[in-house]
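What you see is a predicted model; the values in this text were computed from it and never measured. Only this structure's heavy atoms are used, side chains among them; waters, hydrogens and symmetry mates stay out.
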Amino acid sequence: MDIPLEKRLKVLCEIVRAQHFAWREAALAMAPGLDALKLANKMWEITGVQTGQAYLRRLDPTKPLALQVAQSIAWSSICMGEDATVENGQGDEAFVKHSDCPWYHWHERLGLLKEDQPGCDTWFFTAVAEINKALGTNIKIETKCSLPAGGDHCRRRIWVE
C-alpha cells in the first residue's frame, strides 16, 4: 500500500493515544481498587523522567535553558501531532503554548478530563526536575492556563531562578 508518510504519522499518533487509554483500562480492570488518577500520574511521572533524560541530550547548558526546554517541549509536542509554539519571555524565561491538543480531546471524549492537566503537569514538571537534577540548575515551570480548565489553549511558563 502506498500511504503518504504524513498520513501514517497521524494514524500512528492516534494509535499511541488509543494504546494509552487501553493500557489504562486494562490496568484498572486488573487492579480494580487502584486510583485511576494516581495510576495515570505515575505513568506520566515515569514518562517525564525519560523525557527529561532525552531533552538533556539536546540541551546546551551554556545557552539560555528556559528557551531550550520550551523548544524541546514544543518539538516533542509537534512530533505527536499537537499544535505547540514557543514564546520568548524576559531574561531566561519562555512560554510554551498549545493551541490545541489531541490528548485533551481524547480525555474529553472518554469523560476523563480530570486526568488531562494533572497528567501533562506531572509529565512536564518531572522532565524539568530530571534536567535540574542532572545539571544542578533551578528551572521552574508553571501552568498559566489550560484547555481542561476552560481556557482556549494551554500555556506554560518556564524560567530559571
Would you say the side-chain atoms of [X] pair up with the backbone N or O of [Y], donor to acceptor, closer than 3.5 Å?
| X | Y | result |
| --- | --- | --- |
| D116 | P148 | no |
| R58 | A54 | no |
| D92 | A66 | yes |
| Q71 | V86 | no |
| E93 | Q90 | yes |

With no hydrogens and no angle check, just 3.5 Å: does a side-chain donor-acceptor pair link [X] and [Y]?
| X | Y | value |
| --- | --- | --- |
| W159 | E161 | yes |
| Q117 | S146 | yes |
| E45 | W123 | no |
| D100 | H105 | yes |

Query raised in the report: Is it true that W44 and W103 have ring centroids separated by less than 6.0 Å?
Result: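 Between W103 and W44, which both carry aromatic rings, the centre distance is below 6.0 Å.
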Requested in this report: Could you go through the ring-ring contact (aromatic ring centres under 6.0 Å, His included) check for H98 and Y104 one step at a time?
Outcome: CA-CA 11 Å; H98 290 85; Y104 166 75; over 10 Å; no
Query - With E87, the side-chain hydrogen bond (donor to acceptor under 3.5 Å, both in side chains) member among R155, R157, K97 - result: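 Per the side-chain hydrogen bond (donor to acceptor under 3.5 Å, both in side chains) rule, the option paired with E87 is R155, out of R155, R157, K97.
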Report task. May I have the step-by-step check of side-chain contact (heavy atoms from CB on, under 4.5 Å) for M43 and R24, ending in yes or no? Result -> CA-CA 9 Å; M43 188 283 301; R24 178 194 178 281; over 6 Å; no
Query raised in the report: Is it the case that more than 12 heavy atoms not belonging to Q53 sit under 6.0 Å from its CD atom?
Result: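 Counting other residues, nucleotides and ligands, CD of Q53 exceeds 12 neighbours.
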Query - salt_bridge(E6, K10) N-O dist < 4.0 Å - result: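 Yes.
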